[in-house]
Protein chains: 2
Amino acid sequence: MDAKTVCLGLLSFGEASGYDLKKHVESSGDLFFATGFGSIYPALAALSSKGLIERSRTTGGGRRDRKVYRITPTGRSELSRRLAMAEPRHTLRSELFALLYFSHLLSTDRLTQIVDERLAAMIADARTEDLTESSLMHPKPSRAQFVAGLRRALLETTIRYTRDHRKLLEPS
Amino acid sequence: MDAKTVCLGLLSFGEASGYDLKKHVESSGDLFFATGFGSIYPALAALSSKGLIERSRTTGGGRRDRKVYRITPTGRSELSRRLAMAEPRHTLRSELFALLYFSHLLSTDRLTQIVDERLAAMIADARTEDLTESSLMHPKPSRAQFVAGLRRALLETTIRYTRDHRKLLEPS
DNA sequence: CGCAACATGTAAGCGGTTACATGATTAC
DNA sequence: GTAATCATGTAACCGCTTACATGTTGCG
């Protein structure tokens, strides 16, 4: 999903600044997209110029230059339209997948190291989950719970599968 | 993983044409990347100009203009280098995830329709798996088996989870 | 004969990543 | 005071996607 739609979607939960949005995306584990400020600020500017969002407040708690955006009615209906048209594919891609596919070109030591590292990171990740206590979404909507739970289930499956089938990665 | 590395990686299993590579990627369910010819041919041209791959045969079985590429020793070591340097993240993204996250903006009917469609597609997908009888990889390497099995396990988890927690998607 | 699959490529445009650039506020 | 975090933005580049363009081979 492209940056503009994600920003618009997140703003449908409540008002936020570009910084807030970035934090929220990060804290939900880069679930549906990962990005830097270089994507978010231009996206907000574009949405704003189309009238899909607007500035609500500019200073909000002692901090300098804080630009808080709010979705407009036009923005909300445009978002609904886009989502209704979408044909969302569930194609799971991962850099880890890709690397393991070509792991015959890796030394056994390096491969062991990578798998151990990733396994540890995933275990930590699966535990950490649900610290998504962002200011957007006070009571966490049930759909966000659905997605977070699914993400966790997928992580757990990956961990279990990798442990059980690790032998397949050894040189034959 | 970028198009060039994927092409180089696939050619490490054996010689192939651009068309073959596309077919192989498709038949493995767009596992680590999905692309059209518009990515593959330029990638092959770039790899070729750097000496990482080379043309082996030009006609191979009655077909016109068939350009079969082969990885060079330089290409193989360059690929090893790239793979060894990589820090592969296992970040699972899916358009379906994203849409469901914002599903409060969808009508109940449309949501039901989308979930049913995706579920059916995933079930079909999980069954079809392992028709990857491409000319590359005669005896399927065990790493390819690992990755294909993991993909299947993740699909099955998604199907089960969606069935079990579908209620969370209903309007509250 | 016509259609599907085989087969390769180019060019424009779009969008995201990366690096750069700046400055305020808070906590130690 | 100084480092980390808060906070926003710009510009260049890179690479992928999409659409276009073309021609062959084999099957029914």
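Letters go in sequence order (proteins before strands), and every chain restarts at 1. Computed over heavy atoms, backbone and side chain alike; hydrogens, waters and symmetry mates excluded.
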- With sugar-phosphate meaning primed atoms plus P, OP1 and OP2, does A:G38 contact a base, only sugar-phosphate, or nothing at under 4.0 Å between heavy atoms?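 Touches a base.
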- Touch class at under 4.0 angstrom, heavy-atom based, for B:A43 against every strand present: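 No contact.
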- Message: Taking B:K22 first and then B:E26, would you say they form a salt bridge - that is, a charged N and a carboxylate O separated by under 4.0 Å?
- Response: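 Counted as a salt bridge, because a side-chain N and a carboxylate O are separated by less than 4.0 Å.
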- Message: Between B:S39 and D:dT17, is there a contact of a side-chain N or O with OP1 or OP2 at under 4.0 Å?
- Response: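 Answer yes for this pair, as a side-chain N or O of B:S39 is under 4.0 Å from OP1 or OP2.
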- Query: Is the distance from OP1 or OP2 of C:dT17 to the nearest side-chain N or O of A:T35 less than 4.0 Å?
  - Reply: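 Indeed, a polar side-chain atom of A:T35 lies that close.
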Separation of [N] [atom2] from [X] [atom1] (nearest whole Å):
X     : N      : atom1 : atom2 : value
A:I40 : C:dT17 : CD1   : C1'   : 13 Å
A:Y19 : D:dA4  : OH    : P     : 14 Å
B:Y41 : D:dT22 : OH    : C1'   : 13 Å
A:K22 : C:dT17 : NZ    : C1'   : 12 Å
A:F37 : C:dT22 : CZ    : P     : 18 Å
A:M1  : C:dG16 : CE    : P     : 12 Å

In chain order, what residues pass the salt bridge (Lys or Arg N to Asp or Glu O under 4.0 Å) check against [X], with sequence neighbours excluded?
X      : value
B:R110 : none
B:K50  : none
A:E95  : none
A:R81  : A:E78

- Please find out if less than 6.0 Å separates the ring center of A:F146 from that of B:Y161.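 Yes, the ring centres sit under 6.0 Å apart.
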- Task: Verify the ring-centre separation between A:H24 and A:F13: is it less than 6.0 angstrom?
- Result: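 Aromatic pair excluded; centres sit 6.0 Å or further apart.
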- Message: Does anything in residues 77-95 of chain A come within less than 4.0 Å of DNA chain D? Heavy atoms only, and list the residues if so.
- Response: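 Contacts with DNA chain D under 4.0 Å: none.
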- Query: Between B:L44 and B:K23, which has a closest nucleotide on DNA chain C that is more 5'?
  - Reply: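 First, find each residue's nearest nucleotide; the 5'-ward one identifies B:K23.
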Any N/O pairs under 3.5 Å between the protein and nucleotides 13-15 of chain C? List them or say none.
none

- Nearest 0.5 Å please: distance from the CG atom of B:L79 over to the OG1 atom of B:T5.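 One finds 7.5 Å between CG of B:L79 and OG1 of B:T5.
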- To the nearest 0.5 Å, how far apart are CG in A:L105 and OG in B:S12?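 If we round to the nearest 0.5 Å, A:L105:CG and B:S12:OG are 4.5 Å apart.
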